Amino acid sequence: MNTRKYLVIITSCIWLSLANIAQAAPVNPKVIHLLNRLTLGIRPGDIDRVQKLGVDKYIQQQLNPDTIAESSILAERLATLDTIDLSPTELFQRYNPNRQVDGQKPVLEIRKIQQQQARQVTNQAIEDRLWRSIYSERQLQEVMVDFWYNHFNVYADKGIARLWVGAYERQAIRPHAFGKFRDLLGATARHPAMLFYLDNWRNSAPNVNKKGQNRGLNENYARELMELHTLGVDGGYKQADVVTLAKIFTGWGFKQPGQKIPDGYSFQFNRNRHDFSNKVFLDRPIVGSGIDEGEQALDLLSRHPSTARQISFKLAQYFVSDNPPKSLVDRLSKSFLATDGDIKLVLGTLFQSPEFWNGKYYGTKFKTPYQYAISSIRSTGIELNNVKPLNDFLRQQGMPIYGCPTPNGYKNTQEAWLNPDSMTRRINYATNLANGKLPISASTTTAANTLPTSQMFAIDPLKLAATLGNNFSTRTQQAISTSSPEIRAALILGSPEFMKK
């Protein structure tokens with residue numbers, strides 16, 4: 001048989017296989033919906049695993065991440081990161097780019113080295129997040145880390161926060177992703193990353209510390225604490241409450257370098273900077289008593305009906321629809337208040353709700369750039385060794401990890417991310433990924449233009465389609481089956497169905 005005839009036969013077989021995709025028995029749409037919403041992307045074999053385990057058991061497993069054994073691949077990746085387990089104090093002492101050397105200010109060359117080391121801390125935090133999002137078996141936990149980090153956002157490019165964003169996520173966000181909202185709120189309030197980002201470390205009683213950076217009252221954290229973290233912009237508070245809350249949190253800051261931190265954090269309450277006057281906050285009297293005032297305020301905020309409603313709305317919007325049904329928000333709010341803000345139980349209510357399982361919401365949530373990038377790696381099964389191409393894509397899309405400068409974090413709605421420029425970049429990314437032109441499997445020391453062809457591979461469109469449950473419209477199926485073989489995987493990754501979840 002000559003070569004030309006052989007290629008014709010092979011091509012015909014591929015076309016026939018793609019045509020059979022359209023005729024394959026559809027996967028239970030509930031399973032695809034569940035995996036799309038409770039994970040950051042469907043992997044090869046995920047659909048079979050959920051079908052064998054059952055939807056309800058899968059949900060319960062994911063709501064209890066400590067019962068799920070982690071991936072050995074993830075453990076290998078994380079073992080290469082030597083800064084991710086350091087406390088904020090240790091990070092400051094070792095990697096502060098302005099630290100002195102032998103008691104002297106460093107010369108220019110040393111400062112450049114120190115700045116490079118500081119950037120490495122942030123880079124390792126980003127690697128930590130990406131590898132967990134792709135390889136972790138505890139996928140709902142990774143989804144909730146994404147959700148809560150945006151809710152309690154800290155911007156990495158604000159000064160020393162670049163050293164602390166990773167520690168903030170690991171110490172304040174991740175441990176409380178399924179716990180009580182009050183504990184999560186308190187952990188973020190005390191973490192030096194948040195204290196620095198929203199300037200509460202400078203917050204002092206009026207007429208205290210006229211010199212230096214701690215000059216009087218600073219309302220930044222108090223305002224965002226109510227507007228974004230708890231009550232919401234229409235939560236019923238007044239400007240007077242913002243001022244009062246700022247006074248309540250005077251003296252909340254962090255210890256200076258060199259002081260021993262027994263709990264691994266560097267939080268410190270400085271009595272000398274606190275406003276000890278009696279106060280009225282949200283119509284509740286609070287006696288001037290020091291740090292306990294802040295704890296009382298956090299108690300009030302975490303258990304307020306407006307907080308229950310705002311958190312419930314955001315969860316419903318994230319997991320169900322950009323415009324979530326009022327019935328679901330009401331149901332989640334009742335669960336939040338009845339369980340004292342137990343996040344796991346509120347999520348359980350959400351995943352059992354008829355609104356979550358309403359077929360009209362299946363495949364309607366437009367993926368954020370982060371969700372799109374992660375799901376593309378997970379669904380193709382490509383080994384990720386080099387995160388730089390993903391970082392570059394996310395920067396181009398306006399969604400770098402830890403890179404949202406505003407306190408409200410990245411949005412998760414279609415309106416925020418669907419535009420012509422973004423779609424063009426997604427299609428280019430999909431094409432390069434599908435054709436093996438992104439050096440994500442190379443080691444980080446291998447230059448992209450020197451990667452051997454043998455280490456680059458194209459995505460098998462048949463396997464990719466099967467991984468996703470062949471969940472394509474007739475129009476998409478026709479486009480795939482009538483296209484040349486080399487672009488079919490790219491068409492799948494760039495399809496309307498893959499852009500949504």
Side-chain angles (χ1 to χ4, degrees), residues 78 80-129 145 149 152-176 186-204 209 211-215 218 220-221 249-273 291 294 400-405 407:
L78 299 184
T80 65
L81 307 178
D82 56 8
T83 67
I84 63 172
D85 292 322
L86 299 179
S87 72
T89 302
E90 292 171 323
L91 289 167
F92 188 94
Q93 291 173 336
R94 298 184 192 182
Y95 297 101
N96 173 20
N98 298 316
R99 64 188 182 277
Q100 295 185 348
V101 178
D102 297 327
Q104 302 293 324
K105 290 184 178 181
V107 297
L108 180 61
E109 291 303 315
I110 298 298
R111 287 184 63 190
K112 288 181 178 179
I113 294 174
Q114 291 177 339
Q115 290 170 354
Q116 184 178 9
Q117 291 173 335
R119 284 194 294 271
Q120 183 63 17
V121 173
T122 311
N123 290 339
Q124 288 198 5
I126 292 171
E127 289 183 81
D128 182 35
R129 165 74 85 89
V145 167
Y149 193 97
F152 294 103
N153 181 57
V154 169
Y155 179 44
D157 285 346
K158 181 176 178 178
I160 204 67
R162 70 171 61 92
L163 296 181
W164 290 338
V165 287
Y168 172 68
E169 179 174 295
R170 291 188 303 276
Q171 297 169 344
I173 302 291
R174 187 174 293 278
H176 304 289
T188 59
R190 286 172 169 262
H191 201 280
M194 180 64 76
L195 290 164
F196 181 85
Y197 172 55
L198 290 181
D199 300 318
N200 205 78
W201 70 289
R202 296 180 172 180
N203 186 20
S204 300
N209 285 343
K211 297 181 180 180
Q213 300 187 73
N214 304 322
R215 301 181 189 177
N218 189 300
N220 287 358
Y221 176 66
F249 280 106
T250 51
W252 284 51
F254 40 81
K255 294 185 179 181
Q256 299 301 309
Q259 293 178 296
K260 186 176 180 181
I261 314 301
D263 61 359
Y265 285 68
S266 51
F267 171 78
Q268 181 184 48
F269 174 70
N270 188 331
R271 295 177 58 86
N272 295 327
R273 291 170 44 206
I291 191 172
I401 296 175
Y402 310 128
C404 181

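Quick caveat, the model's predicted, so the values are computed rather than measured.
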Sub-3.5 Å donor-acceptor pair from the side chain of Asn153 to the main-chain atoms of Cys404, do we have one? yes
Check: Glu169 and Val145 side chains under 4.5 Å, non-hydrogen atoms: yes
Classify the ring geometry between Trp201 and Phe254 as parallel (under 30°), tilted (30 to 60°) or perpendicular (over 60°). parallel
Does a side-chain heavy-atom distance below 4.5 Å link Asn220 with Asn200? no
Side chain of Arg273, backbone of Asn203: donor and acceptor closer than 3.5 Å? yes
Anything under 30° is parallel, anything over 60° is perpendicular, the rest tilted; go ahead and classify Phe249 against Tyr221. perpendicular
Taking side chain as C-beta onward, heavy atoms only, is Gln124 less than 4.5 Å from Asp82? yes
For Asp157, what residues pass the side chain to side chain contact (heavy atoms under 4.5 Å, CB included) criterion, not counting sequence neighbours? Tyr155
Hey, does the side chain of Arg170 reach the backbone of Gly166 with a donor-acceptor pair shorter than 3.5 angstrom? yes
Pairwise side-chain contact, Gln268 with Leu195, heavy-atom cut-off 4.5 Å (strictly under): no
In short, Tyr168 meets Ala193 closest at the heavy-atom pair CB-CB, 3.7 Å
Would you say the side chain of Trp164 lies within less than 4.5 Å of the side chain of Val121, judging by non-hydrogen atoms? no
Are Tyr149 and Val165 packed together at the side-chain level, in the sense that at least one heavy-atom pair is separated by less than 4.5 angstrom? yes
